[in-house]
Amino acid sequence: MHASLPEVDSLIARLADAIAPILTPATAIVGIHTGGVWVAERLHALLQCALPLGTLDISFYRDDFSRIGLHPQVKPSNLPFDLEGRAILLVDDVLHTGRTVRAAMNELFDYGRPASIRLAVLVDRGGHELPIRPDFAGITLAVPGHQNINLSRLDDGHLTLSLA
Amino acid sequence: MAELTEAGCRAFTQADAPMTDNQVLLRAMEYASTFGLSLWLRPQDVSLAHGGVAHDGAVASRLGLPGIPALAETVALATILQLARETGARVHLARLSTSEGLAMVRAAKAQGLAVTCDVASPHVHLSENDLISFDSHLHLVPPLRSLRDRDAIREALRDGTIDALCSDHTPVDEDVKQVPFGESAPGASGVELLLPLTLKWAREMDVPLMQAIGLISWKPAQILGVPAGTLAVGGWADLCVFDEAAEWIVGPRTLTSQGNNTPFLNHLMLGRVHYTLIDGHIDFEAPHSP
Amino acid sequence: MNPQLTQDGRLRHLLTLDGLPRATLMEILDTAESFMDVGEREVKKVPLLRGKSIFNLFFEPSTRTRTTFEIAAKRLSADVVNLNIATSSQTKGEAILDTVDNLAAMHADMFIVRHSQSGAAHFIARHVAPHISVVNAGDGRHAHPTQGLLDMFTIRRFKGAFHNLTVGIVGDVLHSRVARSQIHALTTLGVPEVRVIAPKTLLPAGVEQMGVKVFHNLDAGLAGCDVVIMLRLQNERMKGARLPSAQEYFKFFGLTSEKLALAKPDAIVMHPGPMNRGVEIDSEVADGPQSVILPQVTYGIAVRMAVMALLAGGTAA
Amino acid sequence: MKIHIRNGRVIDPMSARDEVVDVYVAAGRIAAIGEAPADFRANRTLDATGLVVCPGLVDLSVRLREPGFEYRATLESEMLAAAAGGITSLACPPDTDPPLDEPGLVEMLKFRARNLLGPRVYPLGAMTQKLECRMLT
């Protein structure tokens, strides 16, 4: 049914258009490693944000840590701005169960107390397990539970979605 | 000593208690030789061995275990041999462990000194290398030494420098072994392993069965000065009937001793006793015997 | 078989650095790197070990080491219980194993063990239930693996790599578990020249077999060193006829600015602490520009967090 | 008690004997090796086919833990263990509690051992009183 998945660039452009009205110069964009950072980088450029891009690695906050252990390549989180009282736009590639977003919000609060967090995702694939919904979604798809939808980046920087 | 001899003592020894005073040792030799008695001495210089729990070599260094140098044996041995020469005392050297010590005994025997010596059966097979897991069952007296020492023991058994093999059986409760290596009580249970460990050495060294059995029968009987260890018509009916090929695994269920403290726990042994006759009576009969 | 690794090569206990593969050491150092920034956050905490119980079992007192483990465990959100057994049940004759069994019954997930006997951590590790990990926080003269790792972390931070270094370890190697752990780590990580520099009375038998070069002269030993590690000299060593006096030791083996000048100009100076100023190291050097002794302490927390995180991961209680 | 040990490989190092032959035991002594003595009627015949028949073993150091360490092992169990190991004579070191430094202690141990199954027990005497290396015994 998803024989041809939508083209990523147009999804990101659509997202940027939706986000633009709520953006202020004090809003910080934060991408979640790894795919969320790729999407956030594009949005950051398209929306010409004043603040530098933030990145989060949520490995230390995963709720399945005691089952699967530590991810072998944890990247340090990088939030080059003060979080206190700030509006945050959190960006991820695919929203599925909501657990990654939950972990990311926990981590954000360990750096400070933001005024607000909004969530933007490239794809909302359904299958939510937590009361977490995107404020902005590039596309909403009903992907069966046994399937995975993945964002990958080619050597030339081109982003593509695939179903497995 | 003379009174104890009348009560039935065959020889005199400090066992593993320290020999702290060479003057006392000299007097003991003089006194023993007055009555023609034997002294069994385990050579270990108390100050050089002080505080040690393992052979002072590369393995103990790596594991951080306080060491007992080979010198503790050879320095004490030199003293004992010299005192024995001077006093003419009959000396049996117990539980030798070092290559150098065996060389000294070999030389002393060649010079005509009437000394005998033994080693304990675990030292024929194990070395400091086995300590790597800190298993307190390997905490023995004297300590397990280097592979070179172990190989010298195996050779000295073959060439006759070593007169007898013994078990140095020391059964202890598990709770004195269930502590870190350095705090554990030394010693291993061994009466039931003496025969299979001797057979193992003989197989590995290609030594005839007859020579191997000699090391645990008539030769120790001579050191002890008893008419045992041989099969002569009219002599004591003390016999051992064993299957040299029987396989068994060392463990609490296969050992009769209350001491399960052996470094050979779970090892496969070849050779098992079927019957032991003492004074013409079957004192032991294995459940699996025909 | 290495009792520290699971069948699929994951860290099961941390007892010694002897025999751990290079990849495992690098994994710990890399993980520690990612924990470095946690200490700089407003909430110096990540929820990784939430709900886990970590027991500091100190059969030999050491406030310093115990505190760094405690901070590391708390930054991982674990519950930490400190037991100074040297002054409690052990003196009443309660066996180690009884203590361990009792704590295991209280649903411990990890034991941090310090003991005066070499091999004590191995002994405890052999007896714990499969879900419990043991970290050796120093056993006798044998090993102090987290100290060895934090020293490697420090060296990597200041020197970048290991393959081109000359490292000199100066002092009481004989009694030092720290030195043993450092030697194993340095040789495993590919340091081409590890030196031990000490009088013969402070070197263990056959120390060369651990892959080090032996020096009995400080000047010769320091020449060309990139890293100089000073070991603590315990006062009681003066009583055992190993050294005539602290003054004489300092004169021949103490690190002063003049001696340090013999090493490479950019050499760093390390010390596992606590220091005996004026015995093994001059204050001028300890507080000088080449000293990295305080960073060592800071890094110790990230390294211990890494070890605990790697041990606890994948061992569902 | 007359025992016939049949068809074993008899090895006696002292007399350099190594042959498959029968052994006859009577009244605590070896009655014959090879041909049965006249009128020998065995109470018990042991089939030693494929087995080695050798002198009982002599062990120069066996701690029986008596007196003093009975909680570690009892004389009875360790005597039996020695017999299970083929040992028929053993020397027992004096590092007991108290050490074997008085005739009474030695006699007591010998008496206790005599009444149990197991090897002949030969106590070694302490060279010095209490093994303290000060006063001779």
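Any value given below was found using the heavy atoms of this structure, including those in side chains, with hydrogens, waters and symmetry copies removed. The sequence lines fix the lettering, A, B, ..., with proteins before strands; numbering per chain opens at 1.
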Supply the atom-to-atom distance D12(D) CG to T230(B) OG1, rounded to the nearest 0.5 angstrom.
-> 3.5 Å
Per-residue contact mode, A212(B) against chain D (heavy atom under 4.5 angstrom) = neither
Hey, does L231(B) have a side-chain heavy atom less than 4.5 Å from the side chain of R17(D)?
-> no
Heavy atoms only, distances under 4.5 angstrom: which of D21(B), I223(B), D243(B), I213(B) has the most pairs with chain D? Name it, please.
-> I213(B)
Residue R9(D) versus chain B: region with a heavy atom under 4.5 Å = side chain
Name the region of A164(B), side chain, backbone, both or neither, that has any atom closer than 4.5 Å to a heavy atom of chain D.
-> side chain
Report the option among Q222(B), Q14(B), M19(B), M1(B) that has the most heavy-atom pairs separated by less than 4.5 Å from atoms of chain D.
-> Q14(B)
If one checks every heavy atom of A84(D) against chain B at 4.5 Å, the contacting part turns out to be both
Option in C92(D), A82(D), P93(D) with maximal non-hydrogen atom pairs under 4.5 Å from chain B | A82(D)
The interface call for Y31(B) against chain D, heavy-atom contacts under 4.5 Å, is side chain
Considering residues, nucleotides and ligands other than E76(D), do more than 12 of their heavy atoms fall under 6.0 Å from its CD?
-> no
Which residue out of A221(B), A228(B), A245(B) racks up the most heavy-atom pairs below 4.5 Å with chain D?
-> A221(B)
Mind ranking A32(B), A15(B), A120(B), S167(B) by heavy-atom pairs under 4.5 Å with chain D and telling me who comes out on top?
-> S167(B)
Under 3.5 Å: donor-acceptor pair, side chain of R95(B), backbone of V141(B) = no
With a 4.5 Å cut-off on heavy-atom pairs, point out which of V106(D), V62(D), D59(D) contacts chain B the most.
-> D59(D)
Which of the residues L60(D), V25(D), L117(D), V53(D) is involved in the greatest number of heavy-atom pairs with chain B at under 4.5 angstrom?
-> L60(D)
Using non-hydrogen atoms and a 4.5 Å limit, figure out which bit of L37(B) sits close to chain D: side chain, backbone, both or neither.
-> neither
Does V191(B) offer a backbone N or O that forms a donor-acceptor pair with the side chain of H169(B) under 3.5 Å?
-> yes
Residue, of C133(D), A83(D), A48(D), that accumulates the most heavy atom pairs under 4.5 Å with chain B | C133(D)
Take atom CZ in R203(B); do more than 12 heavy atoms of anything else shown fall under 6.0 Å from it?
-> yes
Contact part of I3(D) toward chain B, heavy-atom cut-off under 4.5 Å: side chain, backbone, both or neither?
-> side chain
Turns out that what part of P208(B) lies under 4.5 Å from chain D's heavy atoms comes down to neither
Is the side chain of E192(B) donor-acceptor paired with the backbone N or O of T256(B) at a distance under 3.5 Å, no angle test?
-> yes
For residues P171(B) and Q258(B), determine if any side-chain heavy atom of one lies less than 4.5 Å from a side-chain heavy atom of the other.
-> no
CD/E174(B): more than 12 non-hydrogen atoms of other groups inside 6.0 Å | yes
Can you list the steps and then say if T74(D) with E66(D) is a side-chain hydrogen bond (donor to acceptor under 3.5 Å, both in side chains)?
-> CA-CA 7 Å; T74(D) 66; E66(D) 208 169 297; over 6 Å; no
Going by heavy atoms in the side chains, are P220(B) and S89(D) under 4.5 Å from each other?
-> no
With sequence neighbours excluded, residues passing side-chain hydrogen bond (donor to acceptor under 3.5 Å, both in side chains) with T13(B) = none
Whatever's closer than 4.5 Å to a heavy atom in chain B on I5(D) counts as side chain
Is chain B contacted by the side chain of I33(D), its backbone, both, or neither, given a heavy-atom distance below 4.5 Å?
-> both
Worked verdict on N7(D) versus T49(D) for side-chain hydrogen bond (donor to acceptor under 3.5 Å, both in side chains) = CA-CA 5 Å; N7(D) 206 31; T49(D) 305; 3.1 Å; yes
Would you mind checking which part of D16(B) comes under 4.5 Å of any heavy atom in chain D, side chain (CB onward), backbone (N, CA, C, O), both or neither?
-> both
One option among M127(D), K110(D), E102(D) has the most heavy-atom pairs under 4.5 Å with chain B, and it is M127(D)
Do you know which of L209(B), L25(B), D118(B), T5(B) has the most heavy-atom pairs with chain D at a distance under 4.5 angstrom?
-> L209(B)
Among G125(D), A126(D), G56(D), who wins on heavy-atom pairs under 4.5 Å with chain B?
-> G125(D)
Would you indicate whether M210(B), at its atom CE, is surrounded by more than 12 heavy atoms from other residues, nucleotides or ligands within a distance under 6.0 Å?
-> yes
Just give me the residue among T170(B), L215(B), L193(B) that pairs up with chain D most often, heavy atom to heavy atom, under 4.5 Å.
-> T170(B)
